[in-house]
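To start, the structure itself, in structure tokens.
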Amino acid sequence: MLDDHLMVAVSADDYAWFTEQYADLADAYCLTLVRGRTPAELLEQVGAVSPVRSVGVQRVTSFAVAAASLGDWTLLITAAPVNGRHLSRGTVLVSHSGDAFVWARDGELLLEFDPADATRRTGTDPDALVDVLDRLGFALSSDGEGGWGSGALQRERSLALAEQLTGASLTLTALESTTFTCGTLPLVSEGQPAAGAAGVVAAAAPARSTVPAARSGARPAAKAERWDEEYDAPDDDWSDAATDEDGETENDEREWPRLIAKVRRAFS
């Protein structure tokens, strides 16, 4: 049975300000609402370490995870998708990122789908929100137009759906004035979360250069050979190499590159 607040009319237009004001969050972060959990409890569940407090959502993108209380719910912001089954045990969870929307209760995934294509819904109750999805503009058929639109529009629809399911409204004032507890996620090899971070599917570290650092004593990369420069032949002759009595050049291995360079210039 659906909660009464699902009847409240919310639209994607109500969240147009979010993608305008917080482009970084809208593009790359996962927003999760969990009922009846404190920020400290959620941060412990996802394995966050080194917690610090920060007022306002602007600095949240400097961390892998942040949490703040919003009435009966806690807003969890992560740089990677969360494990809905794990975090929803004993409570209700609504989570959405750029390519996934999850509604879970007590470890059970009720509904999961890609906001750009709501025709492929999974979960134990995938059709429970069909009317709400249709009203918000999500694509419900292969020939529908709901899936078209910018990523910003899909995110705004997800924000509106999250409010429909939780009754928790994200406002600009609240996000700017709320105190967030922020932390990092310990990483192991290949950027995966440590064993304790069961609440996060894949931990994301701050962006770093993918170019490996130079190792001490490592050999420098070989310089690319420039045949047309190293073996530059005179313009008025195909070769200036001396020839043997049999007409062969004294050094055929060097003469051929010179001839190749000459041919290249002739046809360039």
Side-chain angles (χ1 to χ4, degrees), residues 2-35 57 60-61 66 68 70-84 87-88 92-105 109-176 178 201:
L2 301 182
D3 295 335
D4 293 338
H5 54 68
L6 284 174
M7 305 306 295
V8 177
V10 183
S11 73
D13 293 340
D14 295 326
Y15 283 97
W17 59 269
F18 184 88
T19 50
E20 293 172 358
Q21 294 288 329
Y22 305 117
D24 290 343
L25 284 177
D27 289 343
Y29 279 70
C30 179
L31 275 63
T32 302
L33 288 164
V34 184
R35 187 169 63 188
V57 77
V60 164
T61 54
L70 290 176
D72 295 334
W73 297 77
T74 287
L75 172 64
L76 182 69
I77 301 176
T78 54
V82 299
N83 186 326
L87 294 184
S88 69
V92 179
L93 170 148
V94 173
S95 179
H96 56 93
S97 58
D99 56 6
F101 190 100
V102 176
W103 178 30
R105 180 187 293 122
L109 297 183
L110 302 174
L111 173 65
E112 185 173 10
F113 67 96
D114 184 338
D117 183 10
T119 62
R120 300 180 179 181
R121 302 181 303 279
T122 59
T124 59
D125 199 357
D127 297 329
L129 303 178
V130 168
D131 291 341
V132 178
L133 296 176
D134 184 48
R135 183 178 60 76
L136 290 175
F138 288 101
L140 294 176
S141 63
S142 57
D143 57 351
E145 297 182 357
W148 294 95
S150 66
L153 178 57
Q154 306 300 350
R155 196 54 182 265
E156 291 158 13
R157 289 170 177 164
S158 293
L159 284 160
L161 179 57
E163 181 176 344
Q164 289 273 247
L165 288 168
T166 64
S169 176
L170 296 183
T171 66
L172 180 61
T173 300
L175 291 177
E176 291 292 341
T178 297
V201 174

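Listed for the Trp73 side chain is a donor-acceptor partner under 3.5 Å among the backbone atoms of Thr166. Side chain of Arg121 to main chain of Pro126: a donor-acceptor pair is present (N/O by atom type, distance under 3.5 Å, no hydrogens or angles).
Side chains of Gln21 and Val57 form no contact here, defined as non-hydrogen atoms less than 4.5 Å apart. Using a 4.5 Å heavy-atom cutoff, the side chains of Leu109 and Thr122 are not in contact. In this structure, the side chains of Val102 and Val82 stay at 4.5 Å or more apart for every pair of heavy atoms. Taking the side chain as every heavy atom from C-beta outward, Leu175 and Leu75 approach each other to under 4.5 Å. Within the 4.5 Å cutoff, the side chain of Leu133 has no heavy atoms near those of the Phe101 side chain. The closest side-chain heavy-atom distance from Arg135 to Gln164 is below 4.5 Å.
Heavy-atom minimum distance, Ser158 versus Pro115: OG-CG, 3.5 Å. Taking every heavy atom of both residues into account, Asp24 and Tyr29 meet most closely at O-CD1, 3.7 Å. Contact between Leu111 and Asp125 at its shortest, heavy atoms only, is CB-O, 4.5 Å. Between Asp114 and Gly98, the shortest heavy-atom distance links the atoms OD1-O, 4.5 Å. Minimum interatomic distance between Leu110 and Arg105 (heavy atoms only, all atoms of both residues): CD1-NH1, 3.4 Å. Considering all non-hydrogen atoms of both residues, Ala139 and Ala118 come closest at O-CB, 2.9 Å.
Every residue meeting the side chain to side chain donor-acceptor pair (under 3.5 Å) condition with Asp99, not counting sequence neighbours, appears here in chain and number order: Ser97. Residues meeting the side chain to side chain donor-acceptor pair (under 3.5 Å) test with Ser95, sequence neighbours left out: Thr32.
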Show the atom names and distances, to 0.1 Å, of all donor-acceptor pairs under 3.5 Å that link a side chain in residues 10-20 to residues at least two apart or in another chain.
{"unit_1": "Ser11", "atom_1": "OG", "unit_2": "Asp13", "atom_2": "N", "d": "3.3"}
{"unit_1": "Asp14", "atom_1": "OD2", "unit_2": "Ser11", "atom_2": "N", "d": "2.9"}
{"unit_1": "Tyr15", "atom_1": "OH", "unit_2": "Glu163", "atom_2": "OE1", "d": "2.5"}
{"unit_1": "Tyr15", "atom_1": "OH", "unit_2": "Leu170", "atom_2": "N", "d": "3.3"}
{"unit_1": "Trp17", "atom_1": "NE1", "unit_2": "Asp14", "atom_2": "O", "d": "2.9"}
{"unit_1": "Thr19", "atom_1": "OG1", "unit_2": "Ala16", "atom_2": "O", "d": "3.3"}
{"unit_1": "Thr19", "atom_1": "OG1", "unit_2": "Glu156", "atom_2": "OE2", "d": "2.4"}

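Here the straight-line distance linking atom CG of Leu159 with atom CG of Leu31 works out to 6.5 Å at 0.5 Å rounding. In this structure, OG1 in Thr74 is found 11.5 Å from CG in Leu87, a value given to the nearest 0.5 Å. The OG1 atom of Thr61 lies 11.5 Å from the CG atom of Asp27; values are rounded to the nearest 0.5 Å. To the nearest 0.5 Å, the span separating CG on Asp72 from CG on Leu33 amounts to 11.5 Å.
Under the 6.0 Å cut-off for aromatic ring centres, Phe138 and Phe113 qualify, their centroids lying closer than that.
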